[in-house]
Visitor: 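Take this structure, written in structure tokens, and hold onto it; I'll ask about it next.
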Amino acid sequence: MKPKLNHTFHITFFSIYIICITSCFSFGQKMINEQSKLVKNVDEFQAAIQSINPGDTLLIANGIWTDVELKFNANGKEENKIYILAEEKGKVFFEGQSNIKMGGQYIHLEGLVFRNGYTATSSVISLQKDKSTPCNYCRVTECVIDDYNPPERFDTDYWVEIYGKHNRFDHNYLVGKRNRGVTLAVRLKNERDRENYHRIDHNYFGYHPILGSNGGETLRVGTSHYSLSNSNTTIEDNYFERCNGEHEIISSKSCQNIFDNNTFYECQGTLTMRHGNETLVENNYFIGNRKPNTGGIRIINETQTVRNNYLEGLTGYRFRGALVIMNGVPNSPLNRYFQVKDSEMSQNLVLDSDYIQLCAGSDEERSATPINTSFKNNIIYNNTSKNDVFTIYDDVSGIEFKGNILSPNIEMPTYAKKEISGFKKKELNFTNTDGLNRLKDFPDIGTKSKKERPTADNTGVSWYPKKNYQIEFGKGKTIKVEPGENTLLEAINKAESGDVLVLTSGEFHQTRSIKLDKTLSIQSADGNAQPMITFERSPLIALENGGALSLDGLHISGKESDDYSGNAVIRTSRYSMINNYKLFVNNCQITDLNVNHSFNFLKVYKNTFADSISITSSNFKDITGHVLNLDKEFDDTGIYNVESVVINQCTFENIGGSAVKLYRGGRDESTFGPMIWLSDSKFVNVGHDKRNKNDSAIHLHGVQHAELSNLEITDSKKINLHLIVGDPVIKLKDIEIQNSEEIKSNSKAYQAENINYKN
Ligand code: CA
């Protein structure tokens with residue numbers, strides 16, 4: 001057995017930090033004086049950096065720097081650092097295709113903002129000038145990278161790559177990473193990058209939208225290749241907000257890392273010890289607020305310590321549970337799953353959270369159950385109705401359970417119908433302090449950190465606005481639109497993001513397609529009268545990058561559409577959309593999409609992604625193509641077109657194609673979606689067109705969560721399920737199937753209740 005993490009090591013380490021904190025904080029803008037050299041362009045910067053001496057300060061002039069690369073090395077000294085500072089923080093912007101590659105030692109970089117563009121290199125800020133010149137003892141502080149993304153969502157880059165040793169990355173604000181590639185990566189490629197003792201602290205990792213694929217981690221330390229090397233990186237005092245890129249918020253892929261006193265606020269996913277051993281996860285806060293797919297901490301590998309964490313309101317299932325211990329692969333190759341050994345999960349406080357998963361991922365390949373591991377003195381307390389919190393997938397005899405307390409409503413964990421000892425039920429009294437639920441009687445459980453809890457206010461920078469980047473309908477003006485030719489088109493073109501167009505009754509005819517690159521609501525002025533929208537060109541509305549649409553109380557008819565095949569009411573951009581979109585349809589009639597074949601309601605293209613599509617209280621009638629056709633990611637790499645689909649109280653009548661087609665191929669397990677909730681709806685004569693190749697009324701391929709309930713299906717093709725990966729949750733309930741094909745599935749791994757067939 002390898003030695004457990006030793007405390008002396010932490011304490012020494014911590015003292016070094018304290019020295020650093022007290023000295024480093026007095027730097028920064030104080031270094032600006034008469035000797036500081038102001039540089040106004042790249043040539044001046046390069047000339048100045050050539051002759052720079054320890055203790056010197058370079059000021060990057062205020063203004064917008066477009067398409068610049070600052071590639072340099074410089075060597076300061078411990079007592080005389082080299083300062084590269086914004087002339088004034090918040091006034092120096094790097095835009096277009098700009099990036100920084102720095103190498104050397106004792107360089108202090110501060111106050112730059114990257115926005116309105118993307119890097120043409122592999123990262124925005126690289127702590128390595130070139131392969132032979134990494135940074136050592138450098139610091140990047142108070143920099144901002146804001147929505148700095150390429151137009152192609154599957155072009156890969158990092159925002160920050162850290163190489164070398166003893167670097168500090170702190171008080172930075174990184175928000176709106178949308179393309180594939182980790183936001184911040186600690187690289188261990190070369191020997192000189194390992195045992196690095198980097199410190200990543202007090203950063204604000206802001207909104208990271210769902211990528212819809214692997215490669216959306218916010219932070220990664222190492223890769224599988226070097227995962228058995230020590231990284232010795234400390235990640236502390238950071239604030240992660242809605243970092244939803246994929247199911248690993250953090251992927252620790254190396255040994256001896258420390259995650260201490262970080263806040264994860266409404267983040268989808270978990271802090272995952274994906275590879276490597278001897279990592280400590282302590283005193284972190286996971287606040288889910290019951291948002292979907294919010295998770296906690298996942299253990300894989302050896303000698304991992306997870307203690308004194310506070311986890312509240314987490315709903316994530318399977319690998320995204322509040323606490324997860326995985327099964328491993330016997331003799332695992334580096335890139336699979338090592339068996340959990342000699343690990344500890346103790347003194348964690350888990351409140352109102354839905355899932356604790358032990359031996360997670362158990363299957364034919366992952367058959368090595370955890371050994372010599374403990375699960376002790378944790379408190380798991382639920383005020384929600386979720387009582388079956390524990391899922392135990394395999395033999396847990398290698399885990400010692402001791403001193404755990406459950407709220408009385410939580411069911412005792414069992415395996416093979418036998419109750420597991422080491423748990424007792426107890427009523428506890430919580431006090432709410434500082435927004436957290438604390439237990440006076442158990443001061444050692446939950447975080448014990450004496451440090452300030454990271455929040456949006458004490459991390460990142462104070463001088464740059466905090467960006468929300470959520471699509472919010474109805475935040476703008478209300479604009480009345482009268483019927484007529486192209487009145488709607490003109491109103492849409494003039495409207496600003498967030499506006500609501502209110503249509504009075506009558507006919508709105510469009511002779512041109514409408515391009516929408518903003519958030520817009522279009523609704524009826526009167527709930528009882530549905531204004532009629534007709535259109536000649538296909539599509540009626542093209543959702544371009546940045547577009548999001550809500551339709552309410554409208555009748556959209558294809559009766560005036562040009563006589564071509566393949567028309568659509570709404571389609572996405574034909575090109576990659578780096579921004580996710582939303583589409584809401586409520587109380588609408590969609591009819592007469594039948595001038596020619598393959599007329600779809602929604603048609604999407606590859607490399608586009610909807611966070612959410614919601615269709616409620618609406619009727620679709622006489623349509624030759626599909627209603628929702630979401631099957632354009634056919635490369636089988638785990639990429640898909642939509643995260644969540646909700647269909648409620650709708651009717652679908654005389655639809656040639658499928659009412660809904662969802663496709664996610666491949667065996668990747670990194671994502672939550674696609675997910676679908678389909679309820680209280682009727683299907684009549686759906687799916688019979690000879691061009692409907694998948695021969696289904698509802699076709700769900702590779703979905704991760706599907707709930708179909710209270711449906712009536714008449715004279716229609718089948719519900720077709722293809723379940724491939726990730727223990728998908730599929731529930732079918734109360735479905736009447738009359739004169740229609742039987743449900744088809746490649747697997748029996750779904751729940752079906754009250755399915756009735758009639759002829
Ligand atoms: Ca991943």
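Along the sequence shown, the residues carry numbers beginning at 1. As the structure is a computational prediction, the values presented were derived from the model and not from experiment. In listed order, ligands and their atoms are each counted from 1.
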Visitor: Could you tell me the angle subtended at the Ca ion (ligand 1) by OE2 of Glu246 and OE2 of Glu217, rounded to 10°?
Guide: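 Taking the Ca ion (ligand 1) as the apex, the two atoms subtend 70°.
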Visitor: Establish, yes or no, whether the cationic atom of Arg242 lies under 6.0 Å from the six-membered ring centre of Tyr265 and within 45° of the ring axis.
Guide: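 Arg242 over Tyr265 ring: no.
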Visitor: Under 3.0 Å from the Ca ion (ligand 1) - does any N, O or S atom of Ser251 fall there?
Guide: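 So Ser251 does not count as coordinating the Ca ion (ligand 1).
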Visitor: Mind checking whether His166 and Tyr197 have parallel, tilted or perpendicular rings, split at 30° and 60°?
Guide: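 Ring orientation, 0 to 90° scale: parallel.
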Visitor: Could you walk me through whether Tyr393 and Gln357 pass side chain to side chain donor-acceptor pair (under 3.5 Å), step by step?
Guide: CA-CA 8 Å; Tyr393 292 91; Gln357 309 252 304; 2.6 Å; yes
Visitor: According to salt bridge (charged side-chain N to carboxylate O under 4.0 Å, His left out), does anything in residues 283-294 pair up with another residue at least two apart or in another chain? List the pairs.
Guide: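 Applying salt bridge (charged side-chain N to carboxylate O under 4.0 Å, His left out) to every pair that reaches into residues 283-294, excluding sequence neighbours, yields Glu266-Lys291, Arg290-Asp354.
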Visitor: With the Ca ion (ligand 1) as the point of reference, which N/O/S atom of Glu248 is the closest?
Guide: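 Of all N, O or S atoms belonging to Glu248, OE1 is the one nearest the Ca ion (ligand 1).
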